[in-house]
Amino acid sequence: MKISVIGVGYLGAVHAASMAELGHEVIGLDVDLRRLERLSAGESPFHEPGFPEILRRGLATGRLRFTADIDELADADVHFLGLGTPQRADGFGADLTALDAAVDSLAAVLPARAGVSTLVVGKSTVPTGTARRLAGRLEQIDGVHLLWNPEFLREGFAVRDTLEPDRIVYGVRDPEVAGPEIAMLDAVYAQILDRSEGGVPRLVMGYEAAELVKVSANAFLATKISFINAMAELCEATGADVTDISRALGMDDRIGNKFLRAGVGFGGGCLPKDIRAFIASAEDLGAGQALGFLREVDAINQRRRVRVVDLAREMLGTLRGRRITVLGAAFKPDSDDVRDSPALEVVSRLMAAGAHVTVTDPEALENARRRVEGLAAVQDTAEALQDAELVLLLTEWREYRDLDPIAAAQLVSTPRIIDGRTVLTPSEWRAAGWEFQALGRPDAPTTLPADDRSVPVADALIDAAAQA
Ligand code: UGA
């Protein structure tokens, strides 16, 4: 089948290469010429395990190509919309500018094909009502049908999640009469649906439900993380260890053990902006009260970033002039994505408070440098640890989880560490001479009231001055 993918960012590029992998003839469109050049040369614009291989394979077979010219894809049978929907600059809502512009350009070139269907398939994460609105525009063209087919891929597992998803969701205008369109999209995914031998459920529902499935899945995941981080706050007040709580909760299979790792919280290009867009969209619909709790989910998440900085200040007495090494810049391991990265926000706060911060990360330093002006970034972990007075582990790359506390103690100036991802074993680090702190794993309960807990007054004044 001839397929186009409009918008070859993270989602679109992986989707395009995956569709070529399934044997389709695929053309990817974007307005970013540099990105098109790199993709056409078989070079991945982002770090994603397994993606370079399927990209190059697609290019080599001739089944995958990229263009900036929309006329070249007018005759495709299926057009996937993979545009980004970032948070708006002026509020919580999603910015649909790129998606709307793409639909307008597509509508201008789509031929009316009487008797032959053309599918437009939305994959972007959108507020409820978007699909029905776009269908109103596209379905004026004879033979064109819009389906909404949300994407659930995770960065770091994007290829696997696309080719072996947990479920596939189709949103249609009216599930009762959408048979031919459903069959056409089934043909696109035939291998995925077959391979599963009944394993991958394919769910058909209305547009609104399909839109909601996507945002509610991300909202649920964010809530789960903030829930365990709220427990971490209680642990800090009581002396309990949050990893004991995660382990015990996770053994209840109604709860499950995934997304219960406490720490510096969630970041990235999806969870934070999706919960905010969800709140904004519910308010627009007059149902804001239903999602009031998501504001708290967001607030808990933001508080964890501040808490790491407070903890650093407690350990060092002051941040001003102190040498701090941060392990990790990406929002999670196996990714070079630094969008809304908790690690980078902590770095910025430490820098604003006058600390000398060195950051290291196996993949994300180039992106990190672009985001944080004046960032001291060092690729080599041992070099980054040299002379540190405090180490912060904020992205749990394998190599940081596997750090040898005895060898690392030889490199730093004072062995002090904060585990911001609850992945290290405190007893091992303490036995190697480290002063060890982790979010939600206090060595002693905090007795001060929450508001007074963090900053000695003089220090607070100095830091406020540094931030001004
Ligand atoms: C997320 C969803 O997991 C995908 O299903 C969804 O398709 C995607 O957003 C999207 O909307 O496109 P992703 O942003 O790649 O995927 O990252 P996650 O693996 O969900 O992690 C998000 C953040 O939560 C990371 O910063 C991670 O470090 C943090 N996290 C995760 C925790 O703090 N604790 C945990 O237990 C798990």
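Predicted model only: the values in this text are computed from it and were never measured. For ligands, and for the atoms within them, numbers begin at 1 and follow the listed sequence.
- If you look at ligand 1, the protein residues with a non-hydrogen atom under 4.0 Å away are E151, F152, L153, R154, E155, K214, N218, L221, I225, F259, L260, R261, G265, F266, G267, C270, L271, D274, F331, K332, R421.
- Residues A329 and V359 share a closest heavy-atom pair of CB-CG1, 3.9 Å.
- Between F51 and F46, the distance separating the two ring centers is shorter than 6.0 angstrom.
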Test log, rule salt bridge (charged side-chain N to carboxylate O under 4.0 Å, His left out), inputs R133 and D100: CA-CA 10 Å; R133 177 170 65 77; D100 278 314; 3.0 Å; yes
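- Ring pair H15/F80 is perpendicular by interplanar angle, where above 60° counts as perpendicular and below 30° as parallel.
- A 6.0 Å sphere centred on CD of E366 holds no more than 12 heavy atoms belonging to other residues, nucleotides or ligands.
- Here the closest heavy-atom approach between residue F152 and residue A217 is recorded as CE2-CB, 4.4 Å.
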